[in-house]
Amino acid sequence: MMINYSGSIAVDFSRLKGIRKEYLPKGGNLVFEMDDLCQWIENPFTEEKELQSFPNSPIKFYFELTDHLDGCFDE
């Protein structure tokens, strides 16, 4: 597991699926898309363990200026 911490955000790069920009009317977000979380869950009907996938919410980091957003994304 590789966790990168920068300022106020920490991201586990081993779970990172992609990074994108999301422009807003004022500023924008740097969006980190994460892989789904997979866990073994016991099925109550069959009492057998099944691998289930749970979606991870994206991590969004807001920038007031799109120039700063673009610079951070490019870096």
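All residue numbers refer to positions in the sequence shown, counting from 1. As a basis for the values below, the full set of heavy atoms in this structure was taken, side chains included, without hydrogen atoms, waters or symmetry mates. Remember, it's a predicted structure, so these values are computed and weren't measured experimentally.
Between P55 and D36, the shortest heavy-atom contact is CA-OD1, 3.4 Å. Across all non-hydrogen atoms, the minimal contact from K60 to N29 is CD-ND2, 4.0 Å.
Between E64 and K26 there is no side-chain heavy-atom pair separated by less than 4.5 Å. Considering only heavy atoms from C-beta on, Y62 comes within 4.5 Å of L24 through its side chain. Taking 4.5 Å as the limit, some side-chain heavy atom of C72 sits within range of a side-chain heavy atom of F63.
Under the side-chain contact (heavy atoms from CB on, under 4.5 Å) criterion, Q39 pairs with L37, I41, F54, not counting sequence neighbours. For F73, the side-chain contact (heavy atoms from CB on, under 4.5 Å) partners two or more places apart in sequence, or in a different chain, are I19, K21, L30. For the side-chain contact (heavy atoms from CB on, under 4.5 Å) test, residues two or more places apart in sequence or in another chain that qualify with T46 are N43, E48, E50.
The environment of CD in E22 is crowded: more than 12 heavy-atom neighbours from other residues, nucleotides or ligands sit within 6.0 Å.
Taking NZ of K17 as the reference point, atom CE of M34 lies at 10.0 Å (rounded to 0.5 Å). Atom CG of N56 and atom CZ of F32 lie 14.5 Å apart (nearest 0.5 Å).
Using a 4.5 Å cut-off between side-chain heavy atoms of Ile, Leu, Val, Met, Phe, Trp and Tyr, with links allowed through other members, V31 and F61 fall into different hydrophobic clusters.
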